[in-house]
Amino acid sequence: MNKNYYITTPIYYPSAKPHMGHAYSSIIADFFARLKRIQGFNVYFLTGTDEHGQKIQRAAEEKKMDPLLFCDQISKTFRDLSDTLNLSNNDFIRTTESRHAKSVQNLWNILEKKGEIYLSKYSGWYSVSDEAFYTESEIEDLDGVKKSITSGSKVEWVEEESYFFKLSNWQDKLIEFYNKNQDFILPETRKNEVVSFVKSGLKDLSVSRKSFNWGIKVPSNKEHVIYVWLDALTNYLSALNYPDESDNLYKSFWPADLHLIGKDILRFHAIYWPAFLLAAGIDPPKRVFGHGWILSGDEKMSKSKGNILDPLEIIDTYGLDPLRYYLIKEVSFGNDGNISQEKLESCINSDLANNYGNLCQRVLAFCDKNANFEVPDNDTFTDNDKLILDQYSQHYDNLIKYSDNQNVNLYINFIVEQLFAPKSSTTFIPFLLGQRADRAGLSMFSIIFKFNFEIKKSAPVFPADTIAFASLFFNDSIANHILVSLPLLAALKAVSSPSTILSV
RNA sequence: CGCGGGGUGGAGCAGCCUGGUAGCUCGCAAGGCUCAUAACCUUGAGGUCGGCGGUUCAAAUCCGUCCCCCGCAACCA
């Protein structure tokens, strides 16, 4: 059985400061990474920044900075975000690193050698002031002058020498690939979109530019730099030290298990990326999941609407783990979700403070009051006790099933309803036995057992708070005494040992 | 006729594929209680499931049509 698991976030384009969408992608990816780790997988979790292109080059020129120095700065804000989000990533890749250039150029050479890339001309309606190309449908003719519909700026017909990838050749092979790998694109509705798009016909893809030079040079023609997706997507390979296929990272983790991305870049990940890889004779990733957008209220966040929620400000005000919990629990994974201060506060109050916080509080108070944090040696379990404790291993099976299909909401709801909800705890053994002095020790044990289970399963959701709380129980003085004094020690350790929790 | 998603009690959503007492969270009202926080538990009020038509013994769920919102329309998390 393959116990390796490779998961990635998109690499972020740092032309603006990090926003909620970046935070969301990263937090969800981190959730999966941590989840897989507690299931015993050897996880490799990658994130990073995409630093090439004209926008970056211009921005650097405006500040009269060397592009790389400029990128060092902006990339750092994203690296800082990873720290702020407490991401458990194993690596942070930058497309300006030499290991990446080596990887991209190698992929390019293979594609060129196989005749998948050819030199031609890229042409289109270009607006100098917008620095952007527009399609025929995006421009209008006003008194004989062509203008962009959206910006109103003048556009002119421009032709530029460019290399093209024969994407049109891969239409049928992509369809075949999607058919063979039904779960390659999730959620299913997005898959349908992609498939129908591919069936409608694919044009060859421009993969180089001459008009600027901030990028990776085309190996065989230094006048060109490799453009956008062939550069950016390859980060997933270069982080594994591709093209060294004998490298241990590459051998262990490619093909990737899950590229987690926003739905806006689904097309590039679900069409271009497998096409590039199939063309180069490399296995495509196993799954691409396009999650939804995080909206503010009902609307897309935008500066003009003034409804931007800055993740850093939110974290500063409410804390990281509450934000993580909100995004994981309240957003229907795969669909668009929304966030507002009101909703966040409501969620924090009811779920985290009143339910989870209340549970923590009552467990502590219970243990103190009834057992003085000590467990007598002469307690025994009745069959009924064991039965209840056994339920937790069944829960565990359910949770694994959910997580394998990226059913984030089923996972979190299961935890909340079955484990955190005061209702479920109220019927649990210790609270029923607490008053009986002869079984106080058992009460202590079983509640710790249950709680141990709960906090372990919730650790991917709020890792920092979980560890902080777990340490209240599983420090040397308390945990050791409890564990060594009970008959089911071995079983307990097998299910969840304190050291496992604390290392999550 | 470009493509797709959505319209379910005050708010946010699930259910729809595989028709059969309309469910969850928050909010609201009334009781109760402790191992527990302005906590928790129980019960209750509140919905013609966007409109119209069809299939069916039976439709939120399938089919048709119309209205309204929101994305996408090739290089943008």
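Keep in mind it's a predicted model, so treat the numbers as computed, not measured.
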Note to self: Please report the distance separating the P of B:C28 from the corresponding atom of B:C66, rounded so that it comes out in whole Å.
What the structure shows: 43 Å

Between N or O atoms, less than 3.5 Å apart, protein on one side and nucleotides 2-5 of chain B on the other: list the pairs.
residue: B:G4; atom: O2'; partner: A:E193; partner atom: OE2; Å: 3.0

Item checked: C1' spacing across the pair B:G53 / B:C17, given as an integer number of angstrom -> 24 Å

Next item on the list: For B:A60 and B:C16, measure between their P atoms and round to the nearest Å.
Entry: 14 Å

Notebook entry, point to check: So which of A:W170, A:F165, A:W229 actually passes side-chain contact (heavy atoms from CB on, under 4.5 Å) with A:Y272?
Noted result: A:W229

Next item on the list: Flag the pair A:K76 and A:D80 as a salt bridge only when some basic side-chain nitrogen lies within less than 4.0 angstrom of an acidic carboxylate oxygen.
Entry: yes

Checklist line | side-chain hydrogen bond (donor to acceptor under 3.5 Å, both in side chains), paired with A:H100, selected from A:D231, A:T95, A:D50 | finding: A:D231

Next item on the list: Using the C1' atoms only, state how far B:A73 lies from B:C57, rounded to an integer number of Å.
Entry: 46 Å

Notebook entry, point to check: With rounding to whole Å, what would you report as the distance between B:G50 and B:G12 at their P atoms?
Noted result: 14 Å

Note to self: Taking B:C75 as the reference, what is the distance to B:A14 when you measure between their P atoms (whole Å, please)?
What the structure shows: 31 Å

Note to self: Let me confirm one number: the OH-CG distance from A:Y163 to A:L119, rounded to the nearest 0.5 Å.
What the structure shows: 5.0 Å

Margin query: Distance check, P atoms only: B:C49 and B:U21, in whole angstrom units.
Written below: 15 Å

Next item on the list: Sticking with atom C1', work out how far B:C52 lies from B:C40, rounded to a whole angstrom.
Entry: 48 Å

Margin query: For RNA chain B, please output the secondary structure as dot-bracket, reading 5' to 3'. Pairs are Watson-Crick or G-U wobble, both atom distances under 3.5 Å; mark crossing pairs with [ ], other-strand partners with |, unpaired with a dot.
Written below: .(((((((.[[[[.)....(..]]]].(((((.......))))).....[[[[[..)....]]]]])))))).....

Next item on the list: For A:T9, answer base if it contacts any base atom (sugar-phosphate contacts may also be present), sugar-phosphate if it contacts only those atoms, and nothing otherwise; contact means non-hydrogen atoms under 4.0 Å.
Entry: nothing

